[in-house]
Student: 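Sharing a structure, written as structure tokens. Questions coming.
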Amino acid sequence: MLGVNQYGKAETHLVRVVRDGDVHELRDLLVSVALSGNLDDVHLRGDNSAVLATDTQKNTVYAFAKEHGVGTPEEFALLLARHFLDGAITRARVQVVEVGWARLGDHAFVQSSREQRVATVIASGADAWFVSGVSELVLLKTTDSEFHGFPRDRYTTLTETTDRVLATAVSARWRHDGSASFEDARGALLDTFAAHHSLSLQQTLYAMGSALLSACGSVHEVRLSMPNKHHFVVDLSPFGLENPNEVFHADDRPYGLIEGAVVRDGAPDPGPVWDPYPLV
Ligand SMILES: O=c1[nH]c(=O)c2[nH]c(=O)[nH]c2[nH]1
């Protein structure tokens with residue numbers, strides 16, 4: 001028999017320009033739609049009468065950007081998700097991934113960061129679930145990071161350190177009731193990474209997640225995925241040079257991958273957000 005299924009247009013790449021004379025605003029979004037409901041007939045009998053074509057979904061994304069503007073990613077996702085709830089479709093999931101462009105002039109921009117803002121909204125009946133987050137938020141600190149006290153066995157070569165470079169590319173997802181301030185949540189992650197004296201990336205992850213929950217009362221849970229982007233001190237002794245933590249080899253792989261969730265006491269069940277809600 002037919003099991004769970006969903007369908008929709010993924011990664012519609014929408015660029016919206018808002019013009020105020022010569023001064024323009026730019027938004028750059030990838031919008032992914034996933035619809036589910038009573039879709040047995042299309043799968044089992046080839047009856048398309050309940051299938052809103054993914055091509056129509058794409059057109060709706062572009063048309064809504066013109067008619068309503070984009071607003072916050074969460075607002076745009078909710079608007080679209082509610083629109084797609086119709087007839088056989090009982091659940092609509094819309095994910096918006098935004099990259100930021102920094103202004104170079106009145107109508108010129110530079111994409112200065114890989115960072116993405118991510119908003120996922122699921123609408124079903126009158127209910128809505130929100131998961132907001134960031135990906136590729138690249139952070140580095142040049143001190144205030146230690147790693148020691150770990151067990152040693154015959155395969156251990158890592159030296160203990162009380163002063164190392166700590167670097168990561170944060171992916172974070174927090175579930176909330178739709179009212180959490182993105183700026184407050186992101187700010188809590190950044191401030192804590194900068195201020196926290198780290199004994200491990202795991203400890204820093206927990207501190208960042210806890211700070212986000214403290215900063216945003218409506219967030220029930222935050223999930224973090226943080227690669228440890230290793231920076232190794234280069235041995236310059238063959239050249240008669242000392243290297244007191246000044247020259248590093250930044251290795252891209254393999255990397256430690258530190259992942260975890262911080263959950264508020266008494267947080268409600270996550271409902272359907274678990275399904276589109278991977279750790280990474
Ligand atoms: O913060 C760290 N956590 C680890 O689990 C680990 N493992 C490792 O080799 N280096 C590090 N650093």
Side-chain angles (χ1 to χ4, degrees), residues 113-118 131-175 180 182-216 219-239 241-265 267 270 274 277-280:
S113 151
R114 285 188 291 151
E115 182 181 346
Q116 298 175 328
R117 173 173 173 170
V118 182
V131 179
S132 301
V134 288
S135 293
E136 299 282 348
L137 176 60
V138 180
L139 305 177
L140 182 149
K141 58 199 287 179
T142 49
T143 190
D144 269 348
S145 168
E146 312 185 24
F147 189 64
H148 47 78
F150 48 87
R152 307 197 76 86
D153 65 19
R154 57 190 289 239
Y155 303 113
T156 304
T157 56
L158 185 70
T159 51
E160 307 209 341
T161 176
T162 56
D163 192 8
R164 65 174 181 174
V165 167
L166 185 64
T168 187
V170 179
S171 287
R173 301 286 184 273
W174 49 94
R175 61 181 171 98
F182 176 81
E183 289 73 23
D184 289 354
R186 179 178 179 278
L189 295 176
L190 295 184
D191 291 349
T192 307
F193 180 83
H196 183 248
H197 185 99
S198 174
L199 297 178
S200 66
L201 191 51
Q202 288 89 331
Q203 188 203 22
T204 304
L205 178 150
Y206 186 76
M208 291 168 69
S210 304
L212 192 152
L213 290 188
S214 297
C216 303
V219 171
H220 306 304
E221 173 176 358
V222 53
R223 293 182 157 210
L224 292 150
S225 175
M226 298 182 28
N228 190 357
K229 297 164 81 74
H230 302 298
H231 285 63
F232 296 114
V233 176
V234 177
D235 178 10
L236 298 178
S237 62
F239 322 118
L241 296 171
E242 297 200 338
N243 187 5
N245 256 357
E246 291 178 355
V247 178
F248 299 87
H249 163 64
D251 216 11
D252 64 341
R253 62 192 68 165
Y255 48 88
L257 186 56
I258 312 300
E259 302 183 288
V262 185
V263 188
R264 191 182 297 283
D265 266 352
W274 283 112
Y277 191 27
L279 265 170
V280 183

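For ligands, and for the atoms within them, numbers begin at 1 and follow the listed sequence. Here the structure is a predicted model, which means the values were calculated and not measured.
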Student: Please check: side-chain N/O of Lys229 versus main-chain N/O of Ala169, any donor-acceptor pairing under 3.5 Å?
Tutor: no
Student: So which protein heavy atom does atom 11 (C) of ligand 1 come closest to, and at what separation?
Tutor: Phe147 CE2, 3.4 Å
Student: Would the distance check show the side chain of Asn243 and the main-chain N or O of Val234 forming a donor-acceptor pair, the cut-off being under 3.5 Å?
Tutor: yes
Student: Would Leu158 count as a polar contact of ligand 1, with the cut-off being nitrogen or oxygen pairs under 3.5 Å?
Tutor: no
Student: Does Val165 offer a backbone N or O that forms a donor-acceptor pair with the side chain of Thr142 under 3.5 Å?
Tutor: no
Student: Under the 3.5 angstrom rule, does the side chain of Arg173 hit a backbone N or O of Val131 as a donor-acceptor pair?
Tutor: no
Student: I'd like to check which ligand 1 atoms, numbered from 1 as shown, lie under 4.0 Å from a non-hydrogen atom of Leu201.
Tutor: 1 (O), 2 (C)
Student: May I ask you to check whether Gln202 has an N/O atom sitting below 3.5 Å from an N/O atom of ligand 1?
Tutor: yes
Student: Have a look at ligand 1 and work out which part of Arg164, if any, has a heavy atom under 4.0 Å from it: side chain, backbone, both or neither.
Tutor: side chain
Student: Could you check whether any side-chain N or O of Asn245 sits under 3.5 Å from a backbone N or O of Asp163, counting only pairs where one atom can act as donor and the other as acceptor?
Tutor: yes
Student: Measure the shortest side-chain to side-chain distance between Phe147 and Leu166 over non-hydrogen atoms and say whether it is less than 4.5 angstrom.
Tutor: no
Student: So is there a nitrogen or oxygen of Ser200 less than 3.5 Å from a nitrogen or oxygen in ligand 1?
Tutor: no
Student: Which atoms of ligand 1 sit under 4.0 Å from any heavy atom of Asn228?
Tutor: 2 (C), 11 (C), 12 (N)
